[in-house]
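First comes the structure, then the notes that go with it.
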Amino acid sequence: MFHLTLHLADDALILGHRNSEWTGHGPNLEQDIAISNIALDQIGQARNFYQYAAELYNANKDAYTNIISSPAFLQVIGSIDEDDLAYLRDAMEFRNHLLVELNKGDWAVTITRQFFMSLYQQLLYTDLQYSADKRLAAIAEKSLKEVNYHVRWSGEWVIRLGDGTEESHHRMETAIDQLWPYVGELFIPADFQLEAAASGLLKNPEYYREPWLEKTRAAFEQAGLMIPAPNWYQKGGKQGIHTEHLGYLLAEMQYLQRSHPGAQW
Amino acid sequence: MSTESTIWKLLEEVKDPEVPVLSVVDLGIIRDVKQTENGAEISITPTYSGCPAMDVIAMQIRMVLAGHGYLPVTIRTVLSPAWTTEWMTEAGKEKLLAYGIAPPNPKQQVCTPDYFQQEEAVQCPHCRSFHTRRISEFGSTACKALYQCEDCKEPFDYFKCH
């Protein structure tokens, strides 16, 4: 349960952080505000998951040393909290999908990644709101209302750019080619997801592959874009084996708390 | 007057820091009020997961209640059932309109998952025209969308249905 909750939190936090990199740099004011709003939703969702993960951790501390062993984290005296989970873990202790940690790229990459992830989260949270675990169910119910907005916003941009100019169409094709090898990981279950599925907490993510492809295909058809042929998929994020990009992201995100532990402003 | 209705009355003094004409009661985010021995237990629900006003609101509730002798004040956050604009009071909607923010439509008119769907008929809070267009689904705060009136040309915020 802790492992699964941590994974859900990490996905939301890392994608939220990547999107927040657009704040002040968006292509125009309205879209700068939109992507910053989406980042805020995701970081809020991450907080809800982390708060629950922290409670689970505190209730059974010794059980999770195989997942978290960074010295900074283990030095925390007493109960850990949401911030310790976000700021004091090392890259190999993060359980997010590789897709969310890749650099934000150009607007086409950001939009395409958001669309892929939002569609996945929409399917996942729709089921998770009926999970046997009431706490996860409540977070999913709350998050889903926000994710529905994210799907529509990013889907409209996929269509607008794919069916736009020669340049925007070309950039979308490049973005899709770049991100496609990271999509498969969404549907390849990690051990903790198999355990969760066995105990009725949520479905095996393999189940979402077809509905996800169907929704993606529908938007791509309107956008005049092609789904790449199935190929080899990159994986490992859910096991803590990350791309180099996550390290740079964490260095920036965690710097202050690592240099000045407990700093507040 | 029972003590719990006294607490409800006090909570009307606590305003949403981002929309200061609305009290937390108008907003519909107070889910439960309990009188404890000498204190109070308040359950609140966020409008959006990442709403940055929630911490400020919780602190203000503590201050107002403590100022009236309620100690300790316990604040619980509940996520389910998820907040919806239907919980906003009618008085709250009128206050929003008077403040220049279009209140949420009583019923979400468009709720299909289609892209580029028909936009909702949102009334301009200034000239009351329905001849308005959406500029962005995301506005100055998580709970608002950005619109412009085609008649009086004023841009305005719409407290979007959720």
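Worth saying up front: this structure is predicted, and the values here are computed from it rather than measured. Lettering follows sequence order; numbering is per chain, from 1.
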Next on the checklist: Restricting to non-hydrogen atoms, name the atom on A:Lys142 and the atom on B:Pro46 that form the minimum distance, rounded to 0.1 Å.
Outcome noted: NZ-O, 2.9 Å
Next on the checklist: Restricting to non-hydrogen atoms, name the atom on A:Val151 and the atom on B:Tyr115 that form the minimum distance, rounded to 0.1 Å.
Outcome noted: O-CE2, 3.7 Å
Checklist outcome for this item: Assert top hit (heavy-atom pairs under 4.5 Å, partner chain A, pool B:Thr84, B:Thr45, B:Leu79) equals B:Leu79
Checklist entry - What is the minimum heavy-atom distance between A:Arg160 and B:Phe116, and which atoms define it? => result NH2-CE2, 3.4 Å
Next on the checklist: Quick check for you: to the nearest 0.5 Å, what is the distance between A:Leu40 atom CG and B:Tyr48 atom OH?
Outcome noted: 11.0 Å
Checklist entry - Does OH in A:Tyr207 sit with more than 12 non-hydrogen atoms of other residues, nucleotides or ligands closer than 6.0 Å? => result no
Next on the checklist: Over 60° means perpendicular and under 30° means parallel, so tell me whether B:His162 and A:Tyr149 are parallel, tilted or perpendicular.
Outcome noted: parallel
Item to check | Residue pair B:Ser49 / A:Gln45, side-chain donor-acceptor N/O under 3.5 Å | outcome: no
Checklist outcome for this item: The interface call for A:Gln222 against chain B, heavy-atom contacts under 4.5 Å, is side chain
Next on the checklist: Please find the pair of heavy atoms, one from A:Arg47 and one from B:Asp55, that lie closest to each other, and give the distance.
Outcome noted: NH1-OD2, 3.9 Å
Next on the checklist: Using modelled atom types and a 3.5 Å cut-off, is there a donor and acceptor pairing between side-chain atoms of A:Glu141 and backbone atoms of B:Ala82?
Outcome noted: yes
Next on the checklist: Heavy-atom cut-off 4.5 Å, strictly under: side chain, backbone, both or neither for A:Asp41 against chain B?
Outcome noted: both
Checklist entry - Among pairs that include at least one residue of residues 24-48 of chain B, which meet salt bridge (Lys or Arg N to Asp or Glu O under 4.0 Å), considering only residues two or more places apart or in two chains? => result B:Asp26-B:Lys95, B:Asp32-B:Lys34, B:Glu41-B:Arg76
Checklist entry - Do other residues, nucleotides or ligands put more than 12 heavy atoms under 6.0 Å from A:Arg171 CZ? => result no
Item to check | Top contributor to chain A interface from B:Thr141, B:Thr47, B:Thr77 [non-hydrogen pairs under 4.5 Å] | outcome: B:Thr47
Checklist entry - Between A:Gln31 and B:Ser136, do the side chains contain an N or O donor and an N or O acceptor separated by less than 3.5 Å? => result no
Next on the checklist: I need the B:Leu146 CG to A:Glu30 CD distance, nearest 0.5 Å.
Outcome noted: 6.0 Å
Checklist entry - Of the backbone (N, CA, C, O) and the side chain (C-beta and beyond), which part of A:Ile43 lies under 4.5 Å from a heavy atom of chain B, both, or neither? => result neither
Item to check | Residue B:Pro52 versus chain A: region with a heavy atom under 4.5 Å | outcome: side chain
Next on the checklist: To the closest 0.5 Å, what do you measure between CD1 (A:Ile33) and CD (B:Glu137)?
Outcome noted: 14.0 Å
Checklist outcome for this item: Counting heavy-atom pairs under 4.5 Å with chain B, the top scorer among A:Asn148, A:Asn48, A:Leu144, A:Val158 is A:Asn48
